[in-house]
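In what follows, a structure is listed as structure tokens, so that the remarks can point back to it.
Here the structure is a predicted model, which is why all the values come from computation and not from measurement. In what follows, chains are A, B, ... by sequence order, proteins preceding strands, each numbered from 1.
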Amino acid sequence: MLINEISRKLGITPRAIRFYEQKGLLAPTKQKENGYRIYTDHDAWRLQTIISLREVGMALEDIRLTLAKTDLNRQEEVLNALHLQRSMLFQQWSEMKQIIATMDQMIEAADSSDQLPTELLYELAKHNKELRELRSSWRDHWDFDHKASQFDELLLSVPASEMKDVNSAIAVMNPLMTTAYDAAQSKIVELIAPYAGRKGLDIGTGTGNLAGKLQQAGLTMAAIDQSQQMLKLCAAKFADIQLKLGNVLAIPYMDAEFDVVVSSFALHHLTEPQRELAWREMLRVLKPGGIICLTDYMLEAPESEEIFLRNLISSQAAQLPMMHEQVELYMVHSELMAWLQQHAMDATTQQVGQDVYVITAQK
DNA sequence: TTTCTTACA
DNA sequence: TGTAAGAA
């Protein structure tokens with residue numbers, strides 16, 4: 001097939017096809033005499049794939065990488081690429097909604113004054129930009145998996161006999177943390193149990209411990225995590241949980257899909273301004289009358305912060321770098337309570353472990 | 001006529 | 001990616 005024929009067949013321009021070739025997505029052979037490109041059936045299949053992935057907004061470079069995986073028969077990684085693209089779309093969706101909200105404010109401002117309120121518009125634009133950067137700052141964490149290597153090293157420090165999964169590894173490294181971890185998750189299960197038969201979402205599920213418990217309690221669970229590595233581990237443990245790649249700042253689900261939204265020991269990875277975006281996202285995917293249940297290190301007083309750090313440090317000096325990173329960002333629970341009340345949520349808080357709180361709120 | 005390359009938008 | 005130009 002020459003370029004014209006195949007371009008007509010697939011409904012794209014010859015220029016586009018040559019462009020894909022230039023970008024390394026395609027490598028048709030050329031006729032010796034005139035240098036015309038010849039396209040085989042395999043090339044046609046490749047082009048169809050490119051067109052399909054383009055259609056869902058995948059960047060050419062990402063398509064190139066995905067095709068390379070296909071060539072190597074890395075089916076799983078191809079699937080990962082698709083999931084990643086899906087998550088990216090939710091990210092874009094989030095940003096789009098935010099831009100629209102900003103525009104509404106601009107229009108309202110312009111509408112209610114005689115001259116164009118240039119200063120105000122600029123302020124709105126600036127705020128919008130800040131929010132956008134808050135979200136995209138997370139985008140850098142997408143290939144968080146390479147950080148998993150750091151995590152792996154940590155796991156290696158744990159005796160193989162003790163290492164059933166990541167959580168048990170953490171348990172070995174830090175008993176204090178485990179106590180809080182278990183207590184918090186049990187508390188959540190206890191609070192959520194009446195919701196058996198309904199739909200729940202676990203955010204930052206990791207290896208799926210909490211989601212697994214809730215599933216067992218009778219809920220239909222979905223779970224998201226920003227690490228494909230973690231999702232893989234989770235899938236191996238809990239086949240019935242619907243897993244999706246995604247993050248809290250752009251939850252990869254439509255509005256009002258869940259009766260229950262939970263998250264345990266995940267939100268402390270966020271910065272303070274990011275947390276507000278996260279809460280908004282949780283509210284968005286929650287059905288009216290649904291319940292949110294969060295648990296994390298939510299330190300209220302500086303003293304407890306100090307004690308908490310000291311305990312962590314003394315428990316396992318060797319793991320200090322990682323542990324320290326984990327507690328670097330605190331979730332002050334009074335801050336969350338204030339926010340929930342501001343949004344007319346009926347929220348309560350319960351301490352379930354040292355410096356660990358469970359917060360429940362009704363939408 | 002068709003395709004190719006290259007430059008530019 | 002689209003358009004344009006000059007060459008094979």
Side-chain (A:E133) to main-chain (A:E130) donor-acceptor, under 3.5 angstrom:
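No, the answer is negative, given that no donor and acceptor are paired below the 3.5 Å cut-off.
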Checking the side chain of A:D104 only, and the main-chain atoms of A:A101 only, is there a donor and an acceptor separated by less than 3.5 Å?
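The answer is no, because no donor-acceptor pair under 3.5 Å joins these two groups.
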Kindly state which residues belonging to residues 27-37 of chain A come within less than 4.0 angstrom of DNA chain B, counting heavy atoms of the residue only, listed by number.
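The stretch gives A:K30, A:G35, A:Y36, A:R37 as the residues lying under 4.0 Å from the strand, ordered by number.
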Can you check the [X] [atom1] to [N] [atom2] distance for me, whole Å?
X: A:I38; N: B:dC4; atom1: CD1; atom2: P; answer: 10 Å
X: A:Q22; N: B:dT5; atom1: CD; atom2: P; answer: 10 Å
X: A:I17; N: B:dT2; atom1: CD1; atom2: C1'; answer: 14 Å
X: A:R15; N: B:dA9; atom1: CZ; atom2: P; answer: 14 Å

For residues 63-90 of chain A, pull every pair meeting ring-ring contact (aromatic ring centres under 6.0 Å, His included), keeping only residues two or more places apart or in separate chains.
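Matches after skipping sequence neighbours: A:F90-A:W93.
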Pair listing, ring-ring contact (aromatic ring centres under 6.0 Å, His included) test, anchored in residues 241-261 of chain A, at least two apart:
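Qualifying pairs: A:Y253-A:F258.
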Does any N or O donor sit under 3.5 Å from an N or O acceptor when you compare the side chain of A:R18 with the base of B:dT5?
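It does not, because no donor-acceptor pair links the side chain of A:R18 to the base of B:dT5 below 3.5 Å.
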Pair A:K237, A:N209 - check side chain to side chain donor-acceptor pair (under 3.5 Å), show working.
CA-CA 9 Å; A:K237 281 168 67 181; A:N209 273 9; 2.7 Å; yes
Report, as yes or no, whether the 6.0 Å neighbourhood of atom CD on A:E33 holds more than 12 heavy atoms from other residues, nucleotides or ligands.
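Yes, enclosed.
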